[in-house]
Amino acid sequence: MSDPPRRYRIHDLERTAPRPEPGLYLVATPIGNLGDITLRALEIIAGADRLACEDTRVTAKLLARFGIGRRMFAYHEHNAEDAGAALLADLEAGLSVAVVSDAGTPLVSDPGYRLVREAIERSIPVIPIPGASAALAALLASGLPSDAFFFAGFPPQKEQARAARLRELARVPGTLVFFEAPHRIADSLAAMAEVFGARQAAVCRELTKTFETIYRGSLAELAAAFAAMERVRGEIVVCVAPPDAEAAATSEDADTILLGLLAEMKPTRAAQEAARLTGLPRRELYQRALSLKDGP
């Protein structure tokens, strides 16, 4: 006996979801407003042989909204090895598998990369179903350049590791996009101001949701504003402007600038001024200034 057709509902209109061709479908889901789901995503979610979810409780709300009644399969970072093996077995058996994260596009700060790699190695089709993305939504609303950007995920939680990572990113010639937790946002912004200097930035909170808010200003201004808040809630994306053209300076350029400044001022002040002129990290320039002052 064949399975009954799977259906989904848009307002009062019920539709039948066709069975997708065998393969691994990476389905983007709304980041807040459930109305942002795409028609193709609904068809795949309703019609696929397996629906793998980061959190079945979260995805259940989406299914209820669109009248989709079906079994879900938990697939997240804590069970990725066993669950991934089961999904690969389904794929090799010729089934269609849809993967969704809690919100947004799967594999963006969510599990799934290894599953995709193994599917590709086994010549299993991998099909992206595009849709909502918090990183791209924030970039569009930030007012910062979008012709070149770098998604950096969550900064490290520990202070030293975070500073080191930010220094690695300081010379990236594009807008930087970060995710951050609300209880760490003030500290992260302060660290970014320390490393990146007076760059413009945007903090996008609760995108597409009822309390969507976008704060814009310099990193120092934003750090002070969030430090003054009694409590910060919601999901947050931070966009940081690219370095100025001068910030693309090479180490040799920085050394030339520092040598000129050291003739007139102490290393601390020279590093501050060189950071302003080049956009390079002040701490890095300070260490270089000490080396230059002491000589070879």
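Membership of the apolar cluster around F66 extends to Y8, I10, Y25, V27, L34, I37, L39, L42, I44, I45, L51, L62, L63, I68, M72, V100, I127, I129, as traced through chained side-chain contacts below 4.5 Å between ILVMFWY residues.
Cluster membership check: V172 does not share its hydrophobic cluster with L144, using side-chain heavy-atom separations under 4.5 Å among Ile, Leu, Val, Met, Phe, Trp and Tyr. Criterion: ILVMFWY side-chain heavy atoms under 4.5 Å apart, direct or through other members. Under it, F178 and L219 are part of a common hydrophobic cluster. Linking Ile, Leu, Val, Met, Phe, Trp and Tyr whenever their side-chain heavy atoms come within less than 4.5 Å leaves V203 and I214 in two separate clusters. No continuous path of hydrophobic side-chain contacts links F151 to L26 [ILVMFWY only; heavy atoms under 4.5 Å].
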- Task: Test side-chain contact (heavy atoms from CB on, under 4.5 Å) on L207 and E235 and set out the steps.
- Result: CA-CA 8 Å; L207 288 169; E235 297 182 346; over 6 Å; no
- Task: Kindly determine whether Y215 and F226 satisfy ring pair (Phe, Tyr, Trp, His ring centres under 6.0 Å), including the steps that lead there.
- Result: CA-CA 10 Å; Y215 306 83; F226 277 87; 5.0 Å; yes
- Item | Derivation and outcome, side-chain contact (heavy atoms from CB on, under 4.5 Å), residues H76 and N79 | CA-CA 6 Å; H76 47 71; N79 75 345; 3.5 Å; yes
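A salt bridge between R40 and E43 is absent, with no side-chain N of the basic residue lying under 4.0 Å from a carboxylate O of the acidic one. Salt bridge status for D49 with R19: present, with a side-chain N to carboxylate O gap under 4.0 Å. With salt bridges taken as basic N to acidic carboxylate O contacts below 4.0 Å, none links E194 and R162. Between R269 and E264 there is no salt bridge, since none of the side-chain N atoms of the basic residue sits less than 4.0 Å from a carboxylate O of the acidic one.
More than 12 heavy atoms of other residues, nucleotides or ligands shown are found within 6.0 angstrom of CZ on F154. For CZ of R15, the number of neighbouring non-hydrogen atoms (other residues, nucleotides, ligands) closer than 6.0 Å is 12 at most. Counting heavy atoms of neighbouring residues, nucleotides and ligands inside a 6.0 Å radius, atom CZ of F149 does not exceed 12 of them. The 12-atom threshold is exceeded at CZ of R122, counting heavy atoms of other residues, nucleotides or ligands nearer than 6.0 Å. Residue E168 places its CD atom among more than 12 non-hydrogen atoms of other residues, nucleotides or ligands, all under 6.0 Å distant. Within a 6.0 Å radius of NZ in K209, other residues, nucleotides and ligands contribute more than 12 heavy atoms. Dense packing is recorded around CD of E206, with more than 12 heavy atoms of other residues, nucleotides or ligands lying under 6.0 Å away. Atom CD of E14 has more than 12 heavy atoms from other residues, nucleotides or ligands within 6.0 Å.
Remark: I31 CD1 to D102 CG distance equals 13.0 Å, nearest 0.5 Å. The OG1 atom of T268 sits 13.5 Å away from the CD atom of E273 when rounded to the nearest 0.5 Å.
A heavy-atom distance below 4.5 Å is not found between the side chains of E54 and V58. Side-chain atoms of I236 and F179, non-hydrogen and from C-beta on, never get closer than 4.5 Å to each other. Proximity of D55 to T59: side-chain heavy atoms (C-beta onward) are nowhere separated by under 4.5 Å. V232 has its side chain out of reach of H183: every pair of non-hydrogen atoms, C-beta onward, lies at least 4.5 Å apart. Looking at R184 and D187, their side chains never come closer than 4.5 Å, going by heavy atoms from C-beta outward. For the pair R50 and L95, the minimum side-chain heavy-atom distance is below 4.5 Å. Side chains of P242 and P145 form a contact here, defined as non-hydrogen atoms less than 4.5 Å apart. Looking at heavy atoms from C-beta onward, V177 lies out of side-chain contact with V238 at the 4.5 angstrom threshold.
Taking each heavy atom of L176 and L169 in turn, the nearest pair found is CD1-O, 3.9 Å. Across all their heavy atoms, G217 and L222 have their closest contact at O-CD1, 3.7 Å. Nearest approach of M192 to P155, heavy atoms of both residues: CE-CG, 4.4 Å. Nearest heavy atoms, L262 versus A289: CD1-O, 3.7 Å. Summarising the geometry of A28 relative to G131, their closest heavy-atom pair is CB-N, 3.4 Å, with the distance given to 0.1 Å. The nearest pair of heavy atoms linking Y75 to G112 is OH-CA, 3.7 Å.
Geometrically, R199 engages F196 in a cation-pi contact, judged by NZ or CZ lying under 6.0 Å from the ring centre and within 45° of the ring axis.
In this structure, the side chain of E118 does not engage the main chain of L115 through any donor-acceptor pair within 3.5 Å. Using a distance-only test at 3.5 Å, with no hydrogens or angles considered, no donor-acceptor pair links the side chain of T105 to the main chain of V108. Judged by distance alone, the side chain of R205 and the main-chain N or O of F211 form a donor-acceptor pair under 3.5 Å.
Using modelled atom types and a 3.5 Å distance limit, the side chains of E180 and S188 yield a donor-acceptor pair.
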